[in-house]
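What follows is a short report on a single structure.
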Amino acid sequence: MMDEKKLRKILSDLPLGDIRYYSQTGSTNDMALAWATEGAPDFSLIVADEQTSGRGRSERIWLTPAGSALAFSVILHPTQVERDHMPLLSGLGALALTQVLKDHGLSAQIKWPNDVLIMGRKTAGILVEVVWMGNQVESAILGIGVNVLPVSVPLDSDVLFPATSIHSEGSKVDRLEFLHDLLAKLLVLRPKIGEKGFIQDWEEALAYKSETVHVWTEPSPEQSSESFTGIVRGLESDGALRLETSGGIRTIKFGELHLRPVK
Ligand code: BTN
């Protein structure tokens, strides 16, 4: 269980919007999407101790057993600069995570666009969802799930990519302290969106740099599936992945896609 009083106290030094805590909910992203349309202030936070229908990208299930993980969503009312750089919001979450993990003694990498790996295993995932008002982004929901204790780690047989947790990798962080540090880092990095240094830091944290990966997209009504194999060379200023393929440099735009190392 998460102690709500302690949660509010530990976060009280941060300039957050409002906070809503649930000992159990379906998905914090769903709660955030609903709250965003009801006028939640910028940087409002929804935290759940347990999620019963947590969601990942590509409609995958994201498990959050009670007492073992961090599952939260931040509601952002994007500035104009952020609206111009929406794909970077996933990078914001991933970069904040790698930096805070480093502060807690763990080296982490970003499996582009937004999975966070420790020792090659996934320890956190990010799901950004957007509320539109006409053709303008009204709010963005930054949903973050972090495996903190080993019980939050799904079995290899249940996931497409092997997972781990912060405690399994040797850092016995306190969940609430980690949440505090992560939110503080998000607040520091958010104004850097659109700056060159933001992309450079994201690029520096990339997994599989100079290694060969396979990237494929999900088919959509507008576009059939695409597949590329190439060497990871870095990021473009819009957060697109730069791959060196046999046909030359390709840039892969952020979207519903998958990336795997080629052994
Ligand atoms: C992924 O790896 O595909 C993204 C996982 C995102 C999980 C988080 S947990 C908090 C928030 N609420 C959800 O339902 N999903 C995100």
Side-chain angles (χ1 to χ4, degrees), residues 2 7 11 16 19-36 40 43-76 87-98 100-101 108-118 120-131 139-149 151-156 158-166 175-176 178-179 182-183 186 205 207 215-218 254-260:
M2 208 175 252
L7 168 82
L11 300 182
L16 306 179
I19 300 173
R20 288 185 179 173
Y21 167 76
Y22 298 90
S23 55
Q24 187 193 64
T25 191
S27 153
T28 57
N29 263 36
D30 286 342
M31 303 304 278
L33 283 166
W35 191 13
F43 223 93
S44 288
L45 172 71
I46 301 203
V47 188
D49 184 48
E50 178 183 3
Q51 286 189 129
T52 52
S53 47
R55 290 183 282 114
R57 296 172 65 230
S58 306
E59 287 164 39
R60 284 188 290 250
I61 292 169
W62 182 269
L63 292 175
T64 310
S68 68
L70 279 175
F72 68 94
S73 303
V74 177
I75 298 169
L76 303 174
L88 302 193
L89 287 181
S90 299
L92 170 69
L95 192 55
L97 270 157
T98 57
V100 174
L101 284 165
Q109 285 77 39
I110 300 170
K111 181 164 90 65
W112 185 87
N114 57 0
D115 289 342
V116 176
L117 312 180
I118 303 175
R121 292 179 157 258
K122 178 161 167 172
T123 195
I126 294 154
L127 179 65
V128 175
E129 293 180 298
V130 164
V131 180
S139 336
I141 310 300
L142 177 57
I144 301 188
V146 190
N147 301 334
V148 181
L149 302 182
V151 268
S152 62
V153 180
L155 295 174
D156 280 358
D158 289 344
V159 283
L160 297 168
F161 195 87
T164 188
S165 71
I166 300 181
R175 267 195 308 164
L176 292 184
F178 194 80
L179 174 65
L182 192 48
L183 291 167
L186 288 170
V215 181
W216 68 101
T217 60
E218 296 271 316
F254 178 87
E256 288 292 300
L257 45 76
H258 307 272
L259 183 149
R260 295 287 182 279

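Whatever order the structure lists ligands and atoms in, that order sets their numbers, starting from 1. What you are looking at is a predicted structure, and each value in this text was computed from that prediction instead of being measured.
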| message | With respect to Thr28, determine whether any N or O atom, backbone or side chain, lies less than 3.5 Å from an N or O atom of ligand 1. | response | yes

| said: How close do Thr64 and Asp49 get, counting heavy atoms only, and between which atoms? | reply: CG2-O, 4.0 Å

| query | If you measure from the Lys or Arg side-chain nitrogens to the Asp or Glu carboxylate oxygens, is any gap between Arg57 and Asp115 under 4.0 Å? | reply | no

| Among all protein non-hydrogen atoms, which one is nearest to atom 5 (C) of ligand 1, and what is the separation to 0.1 Å? | Trp62 CE3, 3.5 Å

| query | Hey, is ligand 1 close enough to Ser53 that some N/O pair sits below 3.5 Å? | reply | no

| task | Can you pull out the closest protein heavy atom to atom 2 (O) of ligand 1? Residue, atom name and distance to 0.1 Å, please. | result | Lys122 NZ, 2.5 Å

| Donor-acceptor pair, side chain of Gln51 and main chain of Thr28, under 3.5 angstrom | yes

| query | Can you check whether Thr164's main-chain N or O pairs, donor with acceptor, with Asn147's side chain at less than 3.5 Å? | reply | yes

| query | How does Asp30 reach ligand 1, by side chain, by backbone, by both or by neither, if only non-hydrogen atoms under 4.0 Å count? | reply | neither

| said: side-chain contact (heavy atoms from CB on, under 4.5 Å) for Lys122 and Leu117? Distances and angles first, verdict last. | reply: CA-CA 4 Å; Lys122 178 161 167 172; Leu117 312 180; 4.0 Å; yes

| message | So if I count the atoms of ligand 1 from 1 in the order they appear, which ones are less than 4.0 Å from some heavy atom of Asp115? | response | 2 (O)

| Sidechain-backbone polar pair: Tyr22 side chain, Met31 backbone, donor-acceptor under 3.5 Å | no

| request: Would you mind listing which atoms of ligand 1 come within a distance below 4.0 Å of any non-hydrogen atom of Phe72? | output: 10 (C)

| Do side-chain atoms of Asn114 reach the backbone of Ile126 as a donor and acceptor pair under 3.5 angstrom? | yes

| field | Atoms of ligand 1 close to Gly56 [distance to a heavy atom under 4.0 angstrom, numbered from 1] | value | 1 (C), 3 (O), 4 (C), 5 (C)

| said: Need the ligand 1 atom indices (1-based, order shown) with element for anything under 4.0 Å from a heavy-atom of Gly54. | reply: 14 (O)

| request: Could you say whether the N/O atoms of Arg55 and ligand 1 ever approach to under 3.5 Å? | output: yes

| request: State whether the side chain of Ser27 and the backbone N or O of Asn29 hold a donor-acceptor pair below 3.5 Å, judged by distance alone. | output: yes

| said: Please compare Glu129, Arg57, Glu59 and report which has the shortest non-hydrogen distance to atom 1 (C) of ligand 1. | reply: Arg57

| task | Spell out, as yes or no, whether a donor-acceptor pair under 3.5 Å connects the side chain of Arg175 to the backbone of Ala69. | result | yes

| said: Below a 4.0 angstrom heavy-atom separation, can you tell me which part of Asn114, side chain or backbone, both or neither, approaches ligand 1? | reply: neither

| task | Among all protein heavy atoms, pick out the one at the shortest distance from atom 9 (S) of ligand 1; state its residue, atom name and that distance to 0.1 Å. | result | Gln51 NE2, 3.4 Å

